[in-house]
Amino acid sequence: MENVSLDRREFLKKAGMAGAASIFLASPWLSVFSDSKYTDKSVVRLGIIGPGSRGRYLTQLLAQNKKADIAALCDIYQPSLDEALKIAPNAKTYKDYRYLLEDKNIDAVIIATPLNTHCQIALDAFDAGKHVFCEKSIGFTMEECFAMYNKHKSSGKVFFSGQQRLFDPRYIKVMEMIHQGTFGDIQSIRAFWFRNGDWRREVPSPKLERLINWRLYREYSKGLMTELACHQLQIGSWALRSIPNKVMGHGAITHWKDGREVYDNISCIYVFDNGQKLTFESVISNKFYGLEEQILGTLGTVEPEKGKYYFENVPPAPGFLRLINDVENQLFNTLPFAGTSWAPETANKNEGDYILGDKPKGDGTDLMMDAYVEAVITGKQPINVAEEGYYASALTLLGDMAMEKGEMLTFPDQFKLDYLNHHKTVIS
Amino acid sequence: MKDTIITAKQKKREALTWLVCFLIANLINFYAIITYDNTSFSELFTSLGYVFVASLTIYFLWTIIRLLFYGLKKMLKTKK
């Protein structure tokens, strides 16, 4: 088993970044690794609730951490349990999560069940004295998200949500650069997630359709918003250090008219206090543009998924190359189109630079799970992790409500936290 | 095939020829720096790689011209 004990320095090394205090200013939750050298002999006993495909992926990552012991697995679907047992063969299995929560040996749980079940399981887990990692979106409604956050606060237990970008080295590095003003003032963020597929899983029996394809039905899920947008909306609050207060949008089923109830074509505009915008668009019948968050600043643009940034003003090519290029153009300007292949470029193209000097590797999920284990051992909640997770989910759900109602909605005061530009409403 | 002897004098001449080509390439770089906007005299050093390649190109072109010249001269001499 690989020893993945990480202190801050090791984290930066693993993340491929040079050490800098400003990284921790932009991403203060990384302080979760600061005590890790003192926790080497500690082991947390974890219960995985919902080891479906995502749950098993998280289990696999945890299985590589010598400080994590997968002690229990819980699922109502036996094939998922069987698959998970291949990763954690010594784990006890449960069909009902409440029995798992009764096990006093379990320190913490991972919740990766269908969205509509998150809230009750998380609330019960906090009540049972467990630390909670809940996949995004954390709740099915804003009320649920708020209740979960408040329960986390009152219980004093660690609360993580599946916002792995918070631990993705590319995002950590680029947010440091954004906060230092490298790209000027951020004016807009264009987030999109395009796929070409029906988003269906194979179902062994029609009776299991809703159980397995729960993402397609509004009884269980809010579709593309809760499953995809949740990750990308969080980039807005991180980059702009502000929560958008208004949202408008439209959703429709335009292609996959196969009985599903959630939209396959959505577009939302989130508006920040000073007019900056964050747009989210998702279509699952065309994948050409893939997935990205284009962060547009007055001095440059960042595309963190590609792992690249581009400055607005590209330094011109050396005068020598420009002179040769001009001479070449004068000599061969009768060519029907373009230029000769051997002519030196004069910086007309902006190829950009890699954020971490190379193509992106991984997405931060492994580091996020390491961070959760560290936080459970120390019992210390990392700064802002719960708040970022709460707002990512709340904004996702607000966007869904805006699409459902066909109205522009404002973030409700009763669900505001004391975080960034938001202030908790005191009800007298 | 017979052995070719390159004399020290010829080597020296070719080295000098290339040096002149290198100087010409540097002068072109200097001209480009003062002619084009957003350039810096540090390009005298940072563009040395391009200048070196350009000097080889000039040397190659000059060599072709010389070969043509001496070839023609030899041809005319043989006819006489």
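Here is how names work: the chains are called A, B, and so on, in the same order as the sequence lines, proteins then strands, and each is numbered from 1.
- Side-chain contact between Ile33(B) and Phe320(A): absent, with no pair of heavy atoms (C-beta onward) separated by less than 4.5 Å.
- Not counting sequence neighbours, the partners of Tyr59(B) by the side chain to side chain donor-acceptor pair (under 3.5 Å) test are Glu14(B).
- Distance check, rounded to the nearest 0.5 Å: OH of Tyr36(B) to CG of Leu323(A) gives 4.5 Å.
- Remark: Phe30(B) CZ is loosely packed, at most 12 non-hydrogen atoms of other residues, nucleotides or ligands lying under 6.0 Å away.
- Across Val51(B), Thr39(B), Asn29(B), Asp37(B), the residue that shares the most heavy-atom pairs under 4.5 angstrom with chain A is Asn29(B).
- In Tyr50(B), the OH atom is not crowded: 12 or fewer heavy atoms of neighbouring residues, nucleotides or ligands sit closer than 6.0 Å.
- Contact check for Arg322(A) versus Thr35(B): no side-chain heavy atoms found under the 4.5 Å cut-off.
- The environment of Ile64(B) atom CD1 is dense: over 12 non-hydrogen atoms of other residues, nucleotides or ligands sit within 6.0 angstrom.
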